[in-house]
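Quick note: numbers below take in every heavy atom, side chains included, and nothing from hydrogens, waters or symmetry partners. None of the values given here were measured: they were computed from a predicted structure.
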Amino acid sequence: MQDKSIFFRLPKTGKEGFIVEYETRPHMYDKLHYHPEMQLIYILEGTGDLFVGDTFVSYEPGNLYLIGPNQSHVFKSDPVYFDDNKQLECKTISIFFHEQSLGNGFFSIEETSEIRSLLERSGRGIQFNPVVAESIGPKILKLLGLNGFDRLLEILSILNTLSTCEDFEYLATMNTPVPLSDLKNQKVNKVFNYIINNFHKDIKLEDVAKVANYSQAAFCHFFKQHTQKTFVQFLIELRVSNACKMLRNSDFNISQICYECGFNNVSNFNRQFKKITGVSPSAYIKKYEEKSLSWM
């Protein structure tokens, strides 16, 4: 199967301003894509990595994200979800909408000014604090049983709550209002899939360049232009992102995780991990455990 384009067109349902979509599938849609609608997505089941703009983060059940309009992104499920024998499922609920979903100017009045600010900030992508996600999650689930005016009111209530929330992190370092062309997206998808499937191995620049059918020099320029990162930066950040996931969710020790994630020695792993996260792997474990206790 060839990688196809990535403009993602949502099915329209009548004249609804907001589309609520419950999706269950073996793995997440694994192509880098974009759509003109904003997407508030709540993860019910499934784990993997989210690439949005120029940033990699791992996702897991209970996460809540707001993806801005035309923001290139991909939720890449962990390899286990591509194993038919495991019979796993990914489940999400998404709310898709435009700034003009309720007509021109609705989000420009004083009563909705906070929501307008949230929508403006969505261009960089937003991840909400787990405590916030936990409180909003049941309201999003409730939408599946609502219709019409009741659903609209509940969605506006959700957006209003999120708009006044200060417990969030930006995903990307900048807005990307102009998405990639279809042809370039196809190449980026091929490269992403290759790197994500092989990051734990010794990946060489020449091998990745061949995937995109570029010379090494041309590939470096192409990759930096469309991800805002060098290939080496991207690879290291992906490896560290997966190391964070393993530190949180596995029984492996730091040395084992180092090699499982593609690093060739522990000292380099510790150095790169601290450079990206700001803390050492052992400090990260302690910090995560402390946060988990505070969220209980």
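Judged by the 6.0 Å distance and 45° axis criteria, Arg116 is not positioned over the aromatic ring of Phe107.
At a threshold of 4.0 Å, the pair Lys204-Asp202 counts as salt-bridged, since one of the basic side-chain nitrogens sits closer than that to a carboxylate oxygen. A salt bridge is absent between Glu23 and Lys91; no separation between the charged side-chain nitrogens and carboxylate oxygens falls under 4.0 Å. Comment: Lys76 engages Asp30 in a salt bridge, judged by a side-chain N to carboxylate O separation of less than 4.0 angstrom.
Two residues are said to be in side-chain contact when any heavy atoms from C-beta on lie closer than 4.5 Å; Tyr42 and Thr92 fail this criterion. The closest side-chain heavy-atom distance from Asp49 to Lys245 is below 4.5 Å. Inter-residue side-chain proximity for Leu66 and Leu162 is flagged as unmet; no heavy-atom pair is nearer than 4.5 Å. Side-chain contact between Val74 and Phe192 is present, with heavy atoms from C-beta onward closer than 4.5 Å. Contact of the Ser77 side chain with the Phe82 side chain is registered, since non-hydrogen atoms from C-beta on lie closer than 4.5 Å.
Between the side chains of Asn268 and Arg271, at least one donor N or O sits under 3.5 Å from an acceptor N or O.
Aromatic ring centroids of Tyr284 and Phe273 lie under 6.0 Å apart. No close placement of the Tyr29 and Phe75 rings is indicated, their centers lying 6.0 Å or farther apart. For Tyr214 and Phe222, the gap between ring centers is short of 6.0 Å. Outside the 6.0 Å centre-distance limit, the rings of His98 and His35 are not counted as a close aromatic pair. Aromatic rings of Phe199 and Phe234 (six-membered ring for Trp) have centroids beyond the 6.0 Å cut-off, not under it.
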Determine, step by step, whether Glu237 and Thr55 satisfy the side chain to side chain contact (heavy atoms under 4.5 Å, CB included) criterion, reporting the C-alpha distance in whole Å, the side-chain angles of both residues, the deciding distance to 0.1 Å, and the verdict.
CA-CA 8 Å; Glu237 289 184 15; Thr55 301; 5.7 Å; no
I'd like to know whether Thr47 forms a side chain to side chain contact (heavy atoms under 4.5 Å, CB included) with Ser58, so could you lay out the CA-CA distance, the side-chain angles of the two residues, the decisive distance to 0.1 Å, and finally the verdict. CA-CA 7 Å; Thr47 60; Ser58 59; over 6 Å; no
Practice task
Check the pair Met28 / Ile43 against side chain to side chain contact (heavy atoms under 4.5 Å, CB included), numbers first and verdict last.
Solution key: CA-CA 11 Å; Met28 299 281 256; Ile43 310 296; 3.9 Å; yes
Practice task
Please step through side chain to side chain contact (heavy atoms under 4.5 Å, CB included) for the pair Leu44 and Leu141, ending with a clear verdict.
Solution key: CA-CA 10 Å; Leu44 296 171; Leu141 281 165; 4.0 Å; yes
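Clustering ILVMFWY residues whenever any of their side-chain heavy atoms sit less than 4.5 angstrom apart, transitively, puts Phe269 in the very cluster that holds Val279.
Asp150 places no side-chain N or O within donor-acceptor distance of the main-chain N or O of Leu146, the cut-off being under 3.5 Å.
Taking the six-membered ring where tryptophan is involved, the planes of Phe231 and Phe219 are perpendicular, since the angle between them exceeds 60° and thus also 30°.
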